[in-house]
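First up is the structure itself, then whatever we jot down about it.
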Amino acid sequence: PESSSDHGYEACKATADWLLEHAPVRPLVGIVCGSGLGGLADMLKDQKFFSYSEIPNFPKSTVHGHAGRLVFGNLKGKPCVCMQGRFHLYEGYSIQKITMPMRIFKLMGVEMVILTNAAGGLNQDYKVGDVMIIKDHINMPGFAGINPLCGENDDRFGIRFPCMSDAYDKEMRQLAQKVGDELGYSHFIKEGVYCVLGGPSFETIAECRMLNRLGADAVGMSTVHEAIVARHSGMRVFALSLITNKSVMDYSSEEKANHEEVLQTGEQRSQQLLVYHTHIQYITSRD
Ligand code: 6GU
């Protein structure tokens, strides 16, 4: 088995301790902002930023549209830590390294993780700008033996064979539906299955058709690995996909997936997303 020294328990613990020493709050909620969705972090009060490059043991962000910093602060009075920019398999890191922030969250005391991403809409009823509450996932890399929990299990985080049938917290999903209704957003809020691929190339037409037939509603290159590692260590997970483009399913189509469209849709929906997010957070914190 490969050495876990740069992403194992000791490395995660050292990073968590370093962050807690320098952070203004001890976070209970950990948020990961997807491509073009980093605006949420700007809503935090009493912010403190850490560039990924200054955090010990942290990977570095390499993609345009991902700022690459950790933001601590309060959202509606709830202490949060927010990743502005995440790590992807296609950047060349190991899958254990890209999910290391989840374990650092856990060791800082985070109880709930909110993951967001930009995704392609496979479901033909979905429109660009729709927000999909993730109710389940298909872990394609997992079928090929690429799972962040591969390797020796560290019992300090969780068990060898964690259950994934309850990965996406039901109570949180119901809450998110309710908040969407209350805000008058129900026409663009869906609930569906997210399929992760390794990327960085977008899907072919044949691949989109296949994924759609397999029961996936949206496709992307993130989130699932983080959800698995977060669930492994017992954190609750809530995840949203912003449908930034429709997957091409038809050989007569002239449409082409591209990163600029992904970022643009994020910007266009950003205002509602911010309001939506903040309300989800607010209701989450009513205890
Ligand atoms: Cl169409 N595919 C993938 N794999 N990721 C995406 C996407 C599409 N749109 C946004 N992210």
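First listed ligand is number 1; within each ligand, the first listed atom is number 1. Please read these numbers as outputs of a predicted model, since none were measured by experiment.
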*asked:* Hydrogens and angles aside, do His137 and Tyr168 bring a side-chain donor and acceptor to less than 3.5 Å of each other?
replied: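 Yes, a side-chain donor-acceptor pair sits under 3.5 Å.
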*Tell me whether the guanidinium CZ or amine NZ of Arg269 lies under 6.0 angstrom from the six-membered ring centre of Phe188 and within 45° of its axis.*
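Yes, a cation-pi geometry.
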*Qualifying residues under salt bridge (charged side-chain N to carboxylate O under 4.0 Å, His left out), relative to Glu21, sequence neighbours excluded*: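 None.
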Output a table of donor-acceptor pairs, distance under 3.5 Å, between side-chain atoms of residues 100-112 and any protein atom two or more places apart or on a different chain; print 'none' if there are none.
{"residue": "Arg103", "atom": "NH2", "partner": "His232", "partner atom": "ND1", "Å": "3.3"}
{"residue": "Lys106", "atom": "NZ", "partner": "Ser233", "partner atom": "O", "Å": "2.8"}

_Neighbouring residues of ligand 1, heavy-atom cut-off under 4.0 Å_ =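 Only Ala118, Ala119, Gly120, Phe202, Glu203, Val219, Gly220, Met221, Thr244, Asn245, Val262 have heavy atoms that fall under 4.0 Å of ligand 1, ordered by chain and number.
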*Quick one: does Thr244's side chain have a donor or acceptor within less than 3.5 Å of a partner on Val262's backbone?*
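Such a contact is absent between Thr244 side chain and Val262 backbone.
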*Which pairs with one or both residues in residues 122-142 pass salt bridge (charged side-chain N to carboxylate O under 4.0 Å, His left out), sequence neighbours excluded?*
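Qualifying pairs: Asp130-Lys190.
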